[in-house]
Structure formats: C-alpha cells, structure tokens
Amino acid sequence: MADSNAGLVLRGVTKRFPGVVALDGVEFQAHPGEVHALVGGNGAGKSTLMAVASGALAPDAGTVEIAGSPMRQQSPIAAREQGLAIAFQHPALLPDLTVTENLLLSVPKRLRPSFGNAQDWAREQLLVMGMDIDPAVAAGRLTLAEKQAVEICGAFACEPSVLILDEPTEPFMAAEIERLFEQVRLAAARGMTVIYISHRLPDVMALSDRLTVLRDGQVRGTFLSSEVSEQEVITRIAGREIEALFPPRPSSVGDVVMEVRDLRSDRLRGITTTLARNEVLGLAGVEGNGQRDFIRSLGGADPVTGGDVIVSGRPVDLGSPRRARRAGVVLMPQERHVEGVATVLSVKENLGVAATGQTAVAGVVRGSAENSIVAEEISRLGIKVASPESAVEHLSGGNQQKVVLGRALLSAPKVLLCDEPTQGIDVGVRSDIYHRLRSTAESGTPVVVLSSDNVELAGLCDRVLVFSQGQVVRELTGDEISDHSLTEASLTAATSARTADSSVRTRGTGLFGGVRRLLSSEQAPSAFLAIAIVLLAAVSATRSDRFLSEFNIASMLGLLAPVLFLAAGQLIVILTGGIDLSVGPLSGALVVIASFYILDGYGAGWWILGFLLMILMATGVGLANGAMVRFARVTPVVATLVTYTALQGFSLFMRDSPGGSIATSVTEALSARIGPIPWAVIVGAALLVLLEVMSRRSMMGLRLRGAGSSEHAARNRGIPVARVHLVVYLASALFTVLGALLLMAQIGVGDPTAGISYTMAAITAVVLGGASIFGGRGSFVGVLFGVVLLQLIQNTTVFLGLSQSWQYWMLGLMALGATAVYSQVRTART
C-alpha cells in the first residue's frame with residue numbers, strides 16, 4: 001500500500017506500444033524531502049513511467065497521485081498545476097522561440113510574470129544553473145548543454161512539490177554537475193520530492209537517498225542507497241554480472257593514420273596532433289572550450305578557416321560531413337535527433353543507408369544482404385526493438401543512440417569520431433560499447449572520443465587532449481590519465497576560459513551587437529523589404545511625376561488591400577507548419593455567393609443573409625481543412641488542394657461567367673478612403689501590427705508559434721496542438737472573408753475566377769516576410785511589407801517601361817537576395 005504522505009505515487013501503471021510492453025503494473029512511490037533515484041537499462045521503462053507521471057503520456061492502466069491527490073487530468077498542464085515539474089532527457093524546448101518564451105511556457109499560470117518583466121524574470125530563473133545564457137536568444141541556437149540547463153531551470157521555476165530530472169547531467173561537465181547537485185540537495189532539504197533518473201551510477205549513489213531498479217518494464221527492487229553497493233545495482237540493472245567495464249589498453253600503438261596540422265576556425269586556435277592505428281584518443285575540457293568544435297570540424301560538420309587534415313597520406317576535404325565521410329572520416333554526432341538518425345524511418349532504413357557500400361550492386365541494394373547486415377548490427381549492439389521495421393522514434397533514448405553508433409560503424413570508417421558515444425546508454429550496454437570501440441581501434445581504425453564523463457575517458461582512452469580557449473593546453477597519456485587529473489586539468493583552465501568568453505560577449509554588445517541581434521531576429525526580412533520598398537519607390541518617383549500622385553497611390557493601395565487579410569490568415573497557418581492553398585478560390589466563391597444576395601434593389605434581410613452565408617461557408621471550409629489535416633492526417637498541401645479544387649468547381653457551377661452586380665452602396669463603403677489611403681488598408685495594417693504584438697506578447701501567440709516549432713516539444717509543454725491546428729485553419733478562412741469583401745468591392749460582380757491568383761500572392765508575401773515554411777517562425781509586420789512590395793513591383797514595372805516578365809524577375813531576385821543575407825546572418829556563429 002502506498003504511503004499517504006508520499007509526494008508521488010504510481011499504482012499499477014501499465015503502458016503498451018506496438019509489439020512492446022513498456023510498463024507492466026509498475027508500483028512506485030517517492031517521499032517529500034528525499035532524492036529518489038530511478039535506474040535501469042535502456043528500454044527498461046524509466047522515461048515512459050515519468051512521462052505517465054508528468055501527464056505527457058496516458059497509461060493503459062493504473063493511477064497517478066501527486067502530493068496526495070489523484071491527477072485530475074492526464075495532461076502536462078494539469079500535472080504542472082498540481083505541483084509536478086519535469087526536466088526531460090531530451091530538452092523539450094521550442095527551437096524558434098526564445099529562452100524567455102520557453103521558460104514562460106514551462107511554468108504554471110500563477111507563476112508567470114508579465115511580458116514586460118519576462119526578460120528579467122527569465123534571467124533570474126537561469127541563475128539556478130549558473131550558466132551565462134542570453135534569455136533573448138532562440139533556443140535552437142543553444143548548445144546541447146545550454147538547452148539542458150534551460151530545461152532544468154524551467155522545471156525549478158515551477159516551484160514544484162515533485163521534481164523529475166530525467167538524465168539531467170548527460171551533456172554537462174563536472175562544474176555544471178556539481179552545481180545541479182547543490183540545487184537538488186537544497187530542494188530536497190526544503191521538502192521537495194526529487195526523482196532522479198540517470199545511467200551514471202556514481203552520481204546516483206552520491207546524490208540519492210533511495211533508489212528503485214526498473215528492468216523490462218517491471219520494478220526489480222527499491223533500496224536505501226547507503227545499504228546497496230554499486231556492483232549490486234549494476235547486476236540488477238543488467239540482469240547479469242558485468243565483470244570488466246573497460247577493456248584493457250594495448251601495449252603499443254601502430255603507425256600514424258591521421259595528421260592534423262594547425263587546424264583553425266572561429267573557435268579553434270591552431271590544433272596540431274596525430275592519431276595512430278590501435279589508438280583511442282580522448283578530448284576533454286570545460287564545455288565550450290573548443291573540444292566539440294574540434295571533433296565536429298574534423299567530421300566536416302563545422303567550418304574551418306585554415307589548416308590541413310591528412311588521412312592515410314591524402315588530404316581530407318572538410319567542407320561537409322559527406323566530403324569528410326568520403327575520405328573515411330566518420331562523425332557520430334552528439335545530437336542524435338538532429339543529425340544522427342531520421343527518427344521517422346525504421347531501424348533497418350537508418351542502418352541500411354550507411355551500409356550501401358556493402359549491399360549495393362550497380363546502385364541497386366540487395367535486400368538479403370541488407371537484412372543480414374542490419375540483423376547482425378542490431379544483435380551486436382543489443383538494440384531492443386520489436387522488428388527492424390520499427391520506426392526509430394519508438395525506441396528508447398539509449399537504443400536510438402545505439403542506432404547512431406551502428407550507422408557510424410557500418411560506414412566503414414578509416415577514422416571514427418565519437419561525440420558522446422555512450423550518452424543515454426545504461427551501464428551494461430555501455431561496457432559493450434567500450435569493448436566495441438576498443439575492438440574497432442585494434443582492427444586498424446583509430447577512434448576519437450569526446451566525453452563529458454572523465455571516468456569514461458580515463459578508462460577507455462590511450463591519450464587525452466585537454467582543451468581551453470580553443471587550444472590544447474595539456475596532453476595526458478597512459479597512467480597519467482585519471483578522473484582526478486582530467487578534472488584538475490579541465491577546471492584549472494576554466495577561470496581563464498570564462499574570462500575570455502566574457503570578453504567575447506562584451507565585444508558583441510553595444511551598437512554592433514545590437515545591429516547583429518536585429519539582423520538575426522525575425523524582423524530582419526522586414527528591414528530588407530522596407531529598404532527595397534524605399535529604393536523602388538525612389539526610382540519610380542524620379543522616372544515619373546505620376547507615381548506619387550494621389551490617384552496612383554490610392555489605386556495601388558486599393559489593389560493590395562485584399563491580400564493583406566488573406567496573407568495574415570496564411571501566416572497564421574504557416575506558423576504551425578501548415579499551408580492553406582484554398583484562400584484564393586474561397587475568396588472568389590464568397591464573392592460569387594454575395595453576387596446572389598447583396599444586390600441593389602434587395603432588402604436588408606437579403607444582404608444580411610448573404611453576409612451570413614459567406615461567414616458560414618468560410619467557417620465550414622476552415623473546419624474541413626483543419627479536420628483533414630489534424631484528424632484525417634492528410635498533408636496540408638493535399639488537403640487544401642482538394643478544397644481549392646472543390647471551391648473552384650463550386651464557383652463555376654454557381655456562375656459560369658461573371659454576373660450579379662454587387663450593391664453600389666456596399667462597394668462604395670468598402671472602397672472609402674482617407675485621403676489617398678483606403679480605410680481598409682489602415683485597418684489591415686493595424687490588424688497585422690496587433691497580430692505581431694499578440695504573437696510575441698501573449699500566451700496564445702506563444703502557443704501558436706510553439707505548435708509549429710516542434711510538435712513533440714509543444715505537447716510536452718502542454719500546448720494543445722490538435723486544437724491549435726483546427727483553430728488556425730478556421731482563422732485563415734475567416735480572414736479570407738475580410739479579403740473577399742474587399743475583392744467584392746474591387747470587381748463589383750460575382751466572378752468565379754477572380755480569386756485564383758490570390759493564393760500565390762498571399763503565400764509569396766508571407767515567405768518574403770521571412771516566415772519558415774516548416775513553421776514556428778514568421779512576422780506579421782514582414783507580411784505587411786511583403787504585400788506592399790508585391791504591389792509596388794507590379795506598379796514600378798509600368799512606370800519604368802519594363803515588360804511584365806520583370807515583375808517576376810525583380811520579385812525573385814529580391815526574395816533570393818534577402819533570403820541569402822538573412823540566412824547567413826542567422827546561422828553565423830556568435
């Protein structure tokens with residue numbers, strides 16, 4: 001029976017996935033004021049159990065109690081409001097949102113500051129981990145260690161009664177780990193229930209009061225940490241005896257395979273070293289001192305500015321990972337979800353693509369050979385999977401890491417680069433990985449290992465390079481390599497490294513830093529578009545006095561008015577990663593409907609009916625689009641293309657040619673101007689500015705952008721993704737009603753083909769404004785400038801006496817130029 005005073009109680013929790021029982025009637029409880037460790041092998045069910053506890057995953061059976069009360073609703077928001085916070089193993093950060101915005105989404109409503117105070121509040125929350133992280137930077141630009149720190153700070157910011165830390169120290173070095181442990185001990189001393197999940201047993205034994213072992217989805221025992229040995233825990237985790245964690249080192253190494261000569265980059269200051277056959281070379285140092293830049297540069301993943309790399313007597317082109325791989329230098333990256341595997345593809349597909357050199361004949365893969373090699377690699381690495389056809393996303397984190405390693409090994413490397421090769425891997429399989437890496441080195445392929453675990457480097461490596469400020473400050477070999485010596489060498493350089501980093505940051509402040517931040521922000525495209533608008537207008541004005549006439553300005557603005565509203569709705573959809581191709585035909589169909597009811601000589605009742613039918617039709621189309629995309633799982637392009645075709649067919653069925661004159665009083669009211677500026681343009685511009693503010697300074701706006709930035713992270717943050725997707729398509733359709741009213745005022749009749757071109761105009765304006773077609777990023781102010789530029793290009797070509805083709809040339813060249821500059825600035829390393 002569970003303790004009524006327990007902070008977290010799970011009773012009879014069962015969870016099944018296709019072909020796998022992840023949790024089998026699990027009973028678990030953790031008390032206030034204790035650090036309770038949850039340990040187990042890869043696929044044991046630890047993360048799944050905590051996902052159930054945090055409301056991110058619904059169990060097939062069982063109950064969850066938080067602080068003595070049953071979980072009221074199975075959702076992350078409900079769990080958070082009830083007092084449970086979790087820092088996920090893979091940080092659930094929304095990459096296109098800033099650190100501040102991610103933290104705002106992390107905490108319950110009662111703890112959120114006003115948006116005006118959000119930056120200062122975020123800076124205060126980040127003090128928990130003591131890392132110098134800019135709260136205004138996009139989360140996607142952080143290092144993995146910084147992302148993990150933000151994830152942990154977000155959990156602490158919830159001021160929870162129950163705190164779950166799932167593999168929190170994997171990307172951290174010794175200083176960050178000690179800082180975290182200090183915070184955890186303080187939290188437990190205040191009465192917080194802390195559940196700590198880790199594969200690092202020395203950390204578990206040092207930090208926890210009690211520990212529970214989970215294996216194959218079942219609890220294998222709960223113990224006082226002081227009354228059980230590390231070896232006993234290892235045996236219970238693995239279900240077998242682990243005799244030797246590390247393989248023996250060779251007595252000598254062979255001839256040199258790789259030479260690195262004066263390798264330089266923005267963060268490397270001339271690295272020179274060699275790598276010999278049979279050797280395992282380690283890279284150590286405080287995070288951010290160049291060791292990760294070095295291994296990624298060797299693998300072609302990060303750019304270099306100078307130096308040479310020679311492998312087997314031949315120079316290596318480090319221009320890209322593909323070129324480095326072609327020369328035999330294969331990188332196993334740290335961030336497996338981003339660079340290591342395609343999670344939506346199967347285990348077989350991920351492993352098989354790396355083995356095509358062994359399985360393909362004349363460009364055709366032999367299925368039997370592929371099946372054999374993949375099965376052998378799965379067995380050799382101990383990947384727990386129901387079938388090779390299972391998608392990688394359904395595997396545990398550790399098993400996904402094994403797939404990354406398998407891909408690297410199947411690439412037949414001459415030099416193997418391993419960036420955190422055992423991150424997220426349990427102690428039993430970790431030993432297998434160490435032996436595999438050693439056997440790879442002894443077979444003639446030297447191995448470079450970057451690890452944040454000094455025990456791992458000391459046990460595995462023949463030689464270790466310690467980095468500080470982008471250069472090697474110490475080299476340890478043989479018996480010199482120990483946990484103590486590595487920690488001492490790394491931390492000795494830490495103070496000077498922080499000083500150097502501080503000076504770099506200082507140089508990035510002031511006017512130059514402000515300009516750089518502006519150029520890398522989502523408003524950068526707006527700045528480019530504004531400059532283009534001013535230049536085009538100036539050129540046209542010098543060529544013709546009529547360009548600035550009231551008539552021309554009024555005509556130009558009147559033509560762009562409908563696109564303002566259609567593009568606004570389009571951006572709302574694109575922010576979620578969707579697209580709405582139906583806005584053009586919908587606007588035309590709505591005008592056709594109006595042409596039967598909103599006519600001169602018809603009473604007000606008919607007019608009201610006409611407007612109501614327009615709104616009802618748009619509502620139906622928006623809900624249909626959203627339902628097809630979200631619930632029927634039809635891709636947005638296909639779903640809205642179907643609607644596009646249906647709407648165009650409807651318009652032609654209702655009117656096979658233009659007809660039905662719209663009431664003059666309606667068209668005049670909709671076309672009214674204030675000076676040369678139509679009031680509809682003023683309203684449209686004000687609406688776009690309002691939407692821009694709401695997207696940045698309201699929780700609704702953060703959820704909208706978050707849903708498109710990363711659906712998985714959005715779900716873990718408690719964003720109702722399905723509801724958001726349904727609402728955005730409805731909003732797009734309703735904005736199209738506003739655009740249709742202005743189109744109706746322009747053409748004055750029901751024309752079944754009038755709206756077709758507006759789909760492409762709206763999408764073009766959105767893309768010109770800097771929106772990402774993958775979702776999460778976009779600016780409503782950018783849309784405003786994009787619409788103006790579109791219309792200005794059409795107008796300018798007339799005044800410049802250019803052919804119509806120049807409209808497309810100018811638009812395309814400007815779009816390419818702005819996108820190229822924006823992308824370069826955005827991806828530039830700070």
Side-chain angles (χ1 to χ4, degrees), residues 244 246-261 263 271-283 294-301 308-318 321-333 351 353-360 369 372-374 376-382 402-422 430-451 456-457 459-465 475-478 481:
F246 295 104
R249 293 191 181 105
S251 57
S252 62
V253 297
D255 56 310
V256 171
V257 174
M258 172 185 276
E259 295 179 72
V260 181
R261 303 170 183 168
L263 191 67
I271 308 298
T272 298
T273 190
T274 60
L275 186 61
R277 207 173 301 279
N278 303 335
E279 184 179 30
V280 178
L281 173 67
L283 308 179
F294 177 61
I295 197 170
R296 288 180 60 81
S297 294
L298 289 180
D308 298 295
V309 174
I310 310 296
V311 173
S312 299
R314 295 185 177 183
V316 178
D317 183 350
L318 301 179
R322 176 177 292 183
R323 293 176 184 175
R325 187 181 293 260
R326 196 175 294 148
V329 182
V330 177
L331 171 67
M332 176 187 165
L351 293 175
V353 72
T356 52
Q358 306 168 54
T359 62
S372 176
I373 287 175
V374 167
E376 182 180 353
E377 196 65 24
I378 289 174
S379 174
R380 185 180 294 140
L381 289 172
K402 296 176 201 175
V403 175
V404 178
L405 177 58
R407 281 171 58 106
L409 293 172
L410 287 173
S411 299
K414 295 178 181 178
V415 175
L416 179 61
L417 310 174
C418 301
D419 191 347
E420 302 287 0
T422 62
R430 187 174 293 206
S431 177
D432 297 338
I433 297 298
Y434 295 151
H435 284 78
R436 183 73 190 276
L437 292 179
R438 175 55 70 185
S439 67
T440 298
E442 291 177 350
S443 70
T445 301
V447 178
V448 180
V449 175
L450 188 159
S451 177
E456 180 170 280
L457 293 174
L460 180 63
C461 299
D462 307 300
R463 184 164 54 100
V464 177
L465 305 180
E475 180 176 314
L476 304 175
T477 60
I481 308 172

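Since the model is a prediction, treat every value here as computed from it, not as a measurement.
- Looking at M332 and D419, their side chains never come closer than 4.5 Å, going by heavy atoms from C-beta outward.
- Counting only distance, with no hydrogens or angles, the side chain of S451 and the backbone of L457 share no donor-acceptor pair below 3.5 Å.
- The two atoms that bring V330 and S411 nearest to each other are CG2-CB, 3.9 Å, heavy atoms only.
- Closest of all the heavy-atom pairs between R325 and L331 is NH2-O, 4.3 Å.
- Side chains of R438 and P250 form a contact here, defined as non-hydrogen atoms less than 4.5 Å apart.
- Of the possible donor and acceptor atoms, one in the side chain of R249 sits under 3.5 Å from a partner among the backbone N and O of C461.
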*Derivation of the salt bridge (Lys or Arg N to Asp or Glu O under 4.0 Å) call for R261 and D308*: CA-CA 5 Å; R261 303 170 183 168; D308 298 295; 5.3 Å; no
*Please step through side-chain contact (heavy atoms from CB on, under 4.5 Å) for the pair L405 and L437, ending with a clear verdict.*
CA-CA 10 Å; L405 177 58; L437 292 179; 4.3 Å; yes
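- The distance from atom OG1 of T273 to atom CG of L465, rounded to the nearest 0.5 Å, is 5.0 Å.
- Separating the NZ atom in K402 from the CD atom in E377 is a distance of 12.0 Å, to the nearest 0.5 Å.
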*side-chain contact (heavy atoms from CB on, under 4.5 Å) between L318 and L263: does it pass, once the steps are laid out?*
CA-CA 11 Å; L318 301 179; L263 191 67; 4.1 Å; yes
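- Rounding to the nearest 0.5 angstrom, the gap separating the CD atom in E475 from the CD1 atom in I481 is 9.0 Å.
- For the atom pair CD of E456 and CG of L450, the computed distance is 10.0 Å after rounding to the nearest 0.5 Å.
- Smallest separation of non-hydrogen atoms from R463 and T274: NH2-O, 2.5 Å.
- Under the 3.5 Å distance criterion, the side-chain polar atoms of R277 are matched with a main-chain donor or acceptor of G444.
- Within the model, atoms OG1 of T440 and CG of L409 stand 5.0 Å from one another, a figure rounded to the nearest 0.5 Å.
- Side-chain atoms of S439 come within 3.5 Å of backbone atoms of R436 as a donor-acceptor pair (strictly under, hydrogens ignored).
- You'll find the side chain of E259 stays beyond 4.5 Å of the side chain of V309, heavy atoms only.
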*V257 and L275: CA distance, side-chain angles, deciding distance, side-chain contact (heavy atoms from CB on, under 4.5 Å) verdict*: CA-CA 6 Å; V257 174; L275 186 61; 5.7 Å; no
*Test side-chain contact (heavy atoms from CB on, under 4.5 Å) applied to V329 and K414, step by step*: CA-CA 6 Å; V329 182; K414 295 178 181 178; over 6 Å; no
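- Not a single donor-acceptor pair under 3.5 Å links the side chain of Q358 to the backbone N or O of A412.
- Applying the 6.0 Å contact sphere to CZ of R314 captures no more than 12 heavy atoms from other residues, nucleotides or ligands.
- Here the shortest heavy-atom pairing between A276 and G254 reads CB-O, 3.5 Å.
- Scanning all heavy atoms of the two residues, the minimum distance from V316 to A324 falls at CG1-CA, 4.2 Å.
- Minimum interatomic distance between L281 and V464 (heavy atoms only, all atoms of both residues): CD1-N, 4.5 Å.
- Taking CD of E376 as the reference point, atom CD1 of I378 lies at 11.0 Å (rounded to 0.5 Å).
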